[in-house]
A.B. asks: 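Questions regarding the structure given below will be posed in turn.
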Number of protein chains: 2
Amino acid sequence: MFIGNYANTMDEKGRVNIPAVFRDALRKDYDDERMVITRDIRDACLRMYPMHEWQSFLEALKKIPSSNPTLRRIQRRVVSSAIECMADKQGRVLLPISLREHAQLSKTVQFAGSSNTVEIWDEKLWQHEIEDDAIDPDMLEQLGI
Amino acid sequence: MFIGNYANTMDEKGRVNIPAVFRDALRKDYDDERMVITRDIRDACLRMYPMHEWQSFLEALKKIPSSNPTLRRIQRRVVSSAIECMADKQGRVLLPISLREHAQLSKTVQFAGSSNTVEIWDEKLWQHEIEDDAIDPDMLEQLGI
DNA sequence: CTTAGTTACCCACATTTACCCACTATGGCG
DNA sequence: CGCCATAGTGGGTAAATGTGGGTAACTAAG
């Protein structure tokens with residue numbers, strides 16, 4: 001399970017440290033340190049999938065008829081820009097420029113656990129995202145939480 | 001079951017002692033000392049979930065379609081700010097700065113039992129919360145209590 | 001084959017966190 | 001009233017984590 005958010009800095013080479021708790025989660029929960037990082041479908045951030053979750057995602061895509069134009073977009077934007085990687089001995093991964101640009105990553109990078117995946121945001125966009133504009137209580141009621 | 005409220009002091013490192021009765025409740029009622037602490041959805045306080053209750057909460061979230069924008073807000077604010085932890089040998093946990101800030105915790109911290117979770121308030125906000133501005137009797141009537 | 005650019009790996013340092021020990025305060029009980 | 005057990009608090013230290021930079025291996029283009 002990936003929970004919590006952690007800020008790490010990306011160096012000029014484009015390397016960022018994956019927070020240790022998330023690396024632990026990969027090892028303990030999935031028994032596989034491989035991960036896939038790619039553009040998020042909905043937002044201006046990246047998303048890290050443990051290999052197993054990525055496979056499930058691909059399976060879900062396979063169920064969509066290939067005539068569906070949205071599917072083809074997702075294929076191109078998400079699948080085609082994905083990288084498979086593992087953290088190096090220092091716990092870091094190298095993010096290719098294309099991914100960095102998509103998420104507008106500059107220096108400080110936010111890793112945000114999202115139960116079975118991890119979101120990767122530029123600090124500024126992240127701050128904006130979690131700003132305290134109240135969540136509608138009726139909506140919460142409706143969702144049963 | 002968590003009931004009652006207890007004040008403990010947070011030190012400069014951000015450590016606070018979890019009241020012993022609540023630690024006992026974790027051990028006895030849940031047989032699992034792990035807990036998750038995160039921002040409360042509604043109020044300016046933190047909320048401590050026994051691991052089991054947290055899992056239930058996540059299950060409830062999974063039932064909501066991920067296209068729902070409120071869900072994604074909750075994911076980011078609640079799931080992404082959560083920490084999984086256990087009390088150390090002295091019975092304390094370390095609260096990260098982001099959580100301390102959200103609940104405006106300074107020195108004295110109030111732990112308030114709330115049946116299956118525990119609320120964590122800054123003393124001042126807590127005082128304000130339990131002030132005697134009357135509860136509307138009609139509302140009570142309506143709620144059947 | 002050579003060379004420039006990129007990537008992977010290694011070492012060293014700074015910072016943070018987890019863990020341990022010791023002391024104080026409080027409440028129950030004889 | 002004093003003793004003991006438990007709860008809570010403060011601080012020191014070793015280990016873990018994160019960061020910066022250097023060098024060797026690799027890749028791709030000329």
Side-chain angles (χ1 to χ4, degrees), chain A residues 2-28 33-38 46 48 81-101 105-113 118 120-123 126, chain B residues 2-28 33-37 48 81-101 105-113 118 120-123 126:
Chain A
F2 303 105
I3 59 174
N5 80 92
Y6 305 88
N8 283 343
T9 64
M10 184 173 66
D11 63 21
E12 314 90 58
K13 295 180 182 176
R15 297 177 300 182
V16 261
N17 201 305
I18 304 286
V21 277
F22 292 162
R23 278 177 289 156
D24 288 349
L26 281 174
R27 237 182 303 111
K28 290 178 186 163
E33 299 186 41
R34 291 176 304 160
M35 59 188 117
V36 170
I37 301 176
T38 188
L46 305 181
M48 185 276 269
S81 38
I83 56 160
E84 178 191 333
C85 58
M86 266 180 64
D88 66 16
K89 254 190 183 171
Q90 280 71 249
R92 293 180 286 197
V93 295
L94 177 73
L95 297 175
I97 298 180
S98 58
L99 289 181
R100 275 183 257 167
E101 281 176 353
L105 304 183
S106 54
K107 192 162 172 59
T108 305
V109 174
Q110 281 284 345
F111 289 82
V118 175
I120 305 174
W121 289 83
D122 180 69
E123 183 185 35
W126 172 253
Chain B
F2 304 106
I3 56 172
N5 79 93
Y6 305 88
N8 282 342
T9 66
M10 183 173 67
D11 65 21
E12 314 91 58
K13 293 181 182 176
R15 297 177 300 184
V16 261
N17 202 304
I18 304 287
V21 276
F22 293 162
R23 276 178 286 151
D24 288 348
L26 281 175
R27 238 182 302 111
K28 290 177 185 163
E33 298 186 43
R34 291 177 305 160
M35 59 188 118
V36 170
I37 301 177
M48 185 276 270
S81 322
I83 55 161
E84 179 190 332
C85 57
M86 267 179 65
D88 66 16
K89 253 190 183 172
Q90 281 70 251
R92 293 178 288 195
V93 295
L94 176 73
L95 297 176
I97 299 181
S98 57
L99 289 182
R100 276 182 256 166
E101 282 176 352
L105 304 183
S106 54
K107 193 161 172 58
T108 307
V109 173
Q110 280 285 343
F111 290 82
V118 175
I120 305 174
W121 288 84
D122 180 69
E123 183 185 36
W126 173 252

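Letters go in sequence order (proteins before strands), and every chain restarts at 1. These figures come from a predicted structure and were not determined experimentally.
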A.B. asks: Between C1' on C/dT6 and CG on A/Leu94, what's the gap in Å once rounded to a whole number?
C.D. replies: 9 Å
A.B. asks: Please tell me if the side chains of B/Gln90 and B/Arg15 come closer than 4.5 Å, counting only heavy atoms from C-beta onward.
C.D. replies: no
A.B. asks: What's the CZ-C1' distance between A/Arg100 and C/dT7, to the nearest Å?
C.D. replies: 12 Å
A.B. asks: Check the distance between D/dA16's P and A/Arg23's CZ and give it to me in whole angstrom.
C.D. replies: 13 Å
A.B. asks: Would you mind reporting whether A/Met35 and A/Val93 have side-chain heavy atoms less than 4.5 Å apart?
C.D. replies: yes
A.B. asks: Closest-nucleotide mapping onto DNA chain D: is B/Arg92 or B/Asp24 further toward the 5' terminus? I mean the 5' end.
C.D. replies: B/Asp24
A.B. asks: In degrees, rounded to 10°, what is the bend between the two ends of the helix from C/dC1-D/dG30 to C/dG30-D/dC1, using five pairs at each?
C.D. replies: 30°
A.B. asks: Whole-Å distance between C/dT24 P and B/Asn8 CG?
C.D. replies: 19 Å
A.B. asks: What is the distance from CG of A/Asp11 to P of D/dG21, rounded to the nearest Å?
C.D. replies: 9 Å
A.B. asks: Could you state the interatomic distance from CZ (A/Phe111) to CG (A/Leu46), rounded to the nearest 0.5 Å?
C.D. replies: 9.0 Å
A.B. asks: Rounded to the nearest Å, what distance is computed from the CD atom of residue A/Gln90 to the C1' atom of nucleotide C/dC9?
C.D. replies: 7 Å
A.B. asks: With rounding to the nearest 0.5 angstrom, report the CD1 to CG distance, B/Ile97 to B/Leu95.
C.D. replies: 11.0 Å
A.B. asks: Please determine whether any donor N or O and acceptor N or O are separated by less than 3.5 Å between the side chain of B/Lys89 and the base of D/dG8.
C.D. replies: no
A.B. asks: What's the closest nucleotide to the side chain of B/Lys13 if the choices are D/dT17, D/dT19, C/dA18?
C.D. replies: C/dA18
A.B. asks: Which part of the nucleic acid, if any, lies within reach of A/Asn17 when heavy atoms closer than 4.0 Å are counted: base, sugar-phosphate only, or nothing?
C.D. replies: base
A.B. asks: Any side-chain heavy atom of B/Asp11 sitting closer than 4.5 Å to one from B/Arg92?
C.D. replies: yes
A.B. asks: Would you say A/Arg15 reaches C/dT6's phosphate, i.e. side-chain N/O to OP1/OP2 under 4.0 Å?
C.D. replies: no
A.B. asks: Ignoring hydrogens and angles, does a donor from either the side chain of B/Lys107 or the base of D/dG10 sit under 3.5 Å from an acceptor on the other?
C.D. replies: no
A.B. asks: Tell me: CG of A/Asp88 to P of D/dA24, nearest whole Å?
C.D. replies: 18 Å
A.B. asks: Grab the CD-P distance between B/Glu12 and C/dT17 for me, whole Å please.
C.D. replies: 15 Å
